[in-house]
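Each remark here refers to the structure printed beneath this line.
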Number of protein chains: 2
Amino acid sequence: MHDETGSADDGPGSGSVRKTGRRPGASGTRDLILATARRQFAERGYSRTTMRSIAADADVNPSLVVHFFGTKKRLFEEAIDLPFDPEALRAQVTGAPPGGRGESVARFMLGLLHDPECREALTALLRAADSEPEVLWLLRERHRRDVLQPLVRDLEADQAELRIALAATQVMGLILALHVTKFDVLATLTDEELTALVAPTLQRYLSQPLNPGT
Amino acid sequence: MHDETGSADDGPGSGSVRKTGRRPGASGTRDLILATARRQFAERGYSRTTMRSIAADADVNPSLVVHFFGTKKRLFEEAIDLPFDPEALRAQVTGAPPGGRGESVARFMLGLLHDPECREALTALLRAADSEPEVLWLLRERHRRDVLQPLVRDLEADQAELRIALAATQVMGLILALHVTKFDVLATLTDEELTALVAPTLQRYLSQPLNPGT
């Protein structure tokens with residue numbers, strides 16, 4: 001029971017980029033607490049979730065939550081640990097032919113949203129707006145280190161950081177519309193349809209001239 | 001003091017569309033509480049803001065907050081009352097020449113964000129993700145009635161509702177990036193620069209063929 005999940009998807013030693021590397025022989029209980037925390041943070045936001053409410057929901061003793069994670073901030077940090085391998089996102093951006101990057105990224109992000117765990121982590125991330133300033137700072141720094149900098153390095157385009165930020169505005173807005181404000185007219189579309197709609201936007205942000213004319 | 005603000009911007013009787021029409025001879029104290037509530041909801045999110053914390057911050061007796069607004073839900077509803085006249089947004093969309101709608105909407109939304117009151121109300125709206133389900137439902141219904149339906153009627157385009165939802169994903173993502181996650185690379189741009197960057201996206205969503213090819 002103890003080693004069941006710890007090594008499943010850690011993959012071959014992937015150096016400093018892959019997540020925060022905090023899964024030492026995770027027990028079933030630890031994973032259960034983490035999954036419960038992820039769901040509560042996504043559903044209630046940071047401030048209304050407590051170590052105690054997570055323990056109650058997971059049906060474990062609150063002292064176990066403290067034992068495994070220490071503080072709510074650390075539990076949050078781990079619960080919203082990037083729900084995807086940044087390397088996989090980079091592969092979508094730089095592996096696709098230049099003319100197909102927007103479509104590749106759209107398809108990748110929409111695919112992630114089908115996995116409940118990913119969806120909850122991404123939604124919790126957007127709701128982190130409601131967090132303490134230091135949690136926000138931490139999120140931004142990790143985002144910069146794990147996602148932004150490698151992408152900027154690989155994109156090999158002018159204004160790479162701006163391009164990625166613009167693409168992120170579209171992706172965040174889409175996740176918000178699909179899973180937080182829940183616009184009916186978008187919820188009924190298939191991934192293929194949504195991809196066709198937003199890919200040209202991402203494509204322009206990532207690979208085309210940004211200011212044609214003006 | 002009593003009638004100072006009540007009639008200032010209610011304008012000539014504008015029927016059912018303009019906001020929720022709830023400003024009966026607002027006193028200075030009522031306005032102060034409302035402004036304080038708007039700021040707290042924007043900074044802390046819904047759940048961490050209380051009638052009591054608003055009263056403390058506004059330096060008034062908590063019973064006054066209850067007197068003027070009844071419940072936190074009603075205060076919230078009023079605090080995030082659309083911070084702009086939906087008619088003004090419609091004028092941007094339908095008043096601009098068809099080829100300039102994206103630019104017109106981008107400029108309008110970015111302009112709104114310069115007004116602290118508007119910015120706080122819009123940010124509080126996005127953070128409403130953290131609210132109770134019935135608050136969310138209420139927001140959605142009001143958005144549908146005051147913004148969506150009039151725009152759909154006026155846009156005179158195929159798939160008007162889908163077009164507006166897509167434009168909203170870009171606008172929401174941009175507000176989030178500028179004022180919640182705060183991407184440095186976007187924060188340093190002028191309105192003109194940001195408009196030039198996102199206008200083509202809004203233009204395509206609002207007025208151009210949505211699925212060229214595929």
Side-chain angles (χ1 to χ4, degrees), chain A residues 42 44-49 103 123 125-131 136 139-140 143-144 148 159 161-166 168-189 192-202 204-205 208 210-214, chain B residues 42 44-49 103 123 125-131 136 139-140 143-144 148 159 161-166 168-189 192-202 204-205 208 210-214:
Chain A
R44 310 180 175 192
Y46 182 79
S47 63
R48 289 200 295 166
T49 301
E103 186 179 327
T123 313
L125 265 168
L126 288 183
R127 293 193 175 186
D130 173 46
S131 318
L136 272 182
L139 283 178
R140 261 202 292 282
H143 164 265
R144 180 181 298 278
L148 189 61
Q159 301 177 282
E161 188 169 346
L162 173 61
R163 289 177 178 281
I164 292 161
L166 287 167
T169 66
Q170 177 60 87
V171 169
M172 292 192 305
L174 187 61
I175 297 175
L176 207 62
L178 287 172
H179 297 290
V180 180
T181 60
K182 297 186 182 164
F183 292 163
D184 298 340
V185 69
L186 295 178
T188 58
L189 299 179
E192 286 307 299
E193 290 167 326
L194 278 172
T195 296
L197 290 167
V198 303
T201 298
L202 296 172
R204 188 173 73 84
Y205 289 156
Q208 291 165 12
L210 283 179
N211 291 329
T214 322
Chain B
R44 310 180 175 192
Y46 182 78
S47 63
R48 289 201 297 165
T49 301
E103 186 179 326
T123 313
L125 266 168
L126 288 183
R127 293 194 174 184
D130 173 46
S131 318
L136 272 182
L139 283 179
R140 260 202 293 280
H143 164 266
R144 179 181 298 278
L148 189 62
Q159 303 178 281
E161 188 169 345
L162 173 60
R163 289 176 179 280
I164 292 160
L166 287 167
T169 66
Q170 177 60 87
V171 169
M172 292 192 305
L174 187 61
I175 297 175
L176 206 62
L178 287 173
H179 297 290
V180 180
T181 59
K182 297 187 180 162
F183 291 164
D184 298 340
V185 69
L186 295 178
T188 58
L189 299 179
E192 285 308 298
E193 289 167 328
L194 278 172
T195 297
L197 290 167
V198 304
T201 298
L202 296 173
R204 188 173 73 86
Y205 289 156
Q208 291 166 12
L210 284 178
N211 291 329
T214 321

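Here is the naming used below: chain letters follow the sequence lines, and residue numbers restart at 1 for every chain. As the structure is a prediction and not an experimental result, all values here were calculated from the model.
Comparing A:A165, A:A199, A:A177 by how many heavy-atom pairs each has under 4.5 Å with chain B, the most go to A:A165.
Looking at A:L186, the atoms closer than 4.5 Å to chain B (heavy atoms on both sides) all sit in the side chain, from C-beta outward. Both the backbone and the side chain of B:V198 have a heavy atom closer than 4.5 Å to some heavy atom of chain A. Using a 4.5 Å cut-off between heavy atoms, B:L148 makes no contact with chain A at all. For a residue to count as touching a neighbouring chain, one of its non-hydrogen atoms must lie under 4.5 Å from one of that chain's; by this rule A:L189 touches chain B with the side chain only.
Note that CG of A:L194 is 8.0 Å distant from CG of B:L166, once rounded to the nearest 0.5 Å.
Between B:M172 and A:G173 the shortest heavy-atom distance is CE-O, 3.8 Å.
The closest side-chain heavy-atom distance from B:F183 to A:I164 is not below 4.5 Å. Two residues are said to be in side-chain contact when any heavy atoms from C-beta on lie closer than 4.5 Å; B:L162 and A:L197 meet this criterion. In this structure, B:T169 and A:L178 have side chains that are not in contact, with every pair of non-hydrogen atoms separated by 4.5 Å or more.
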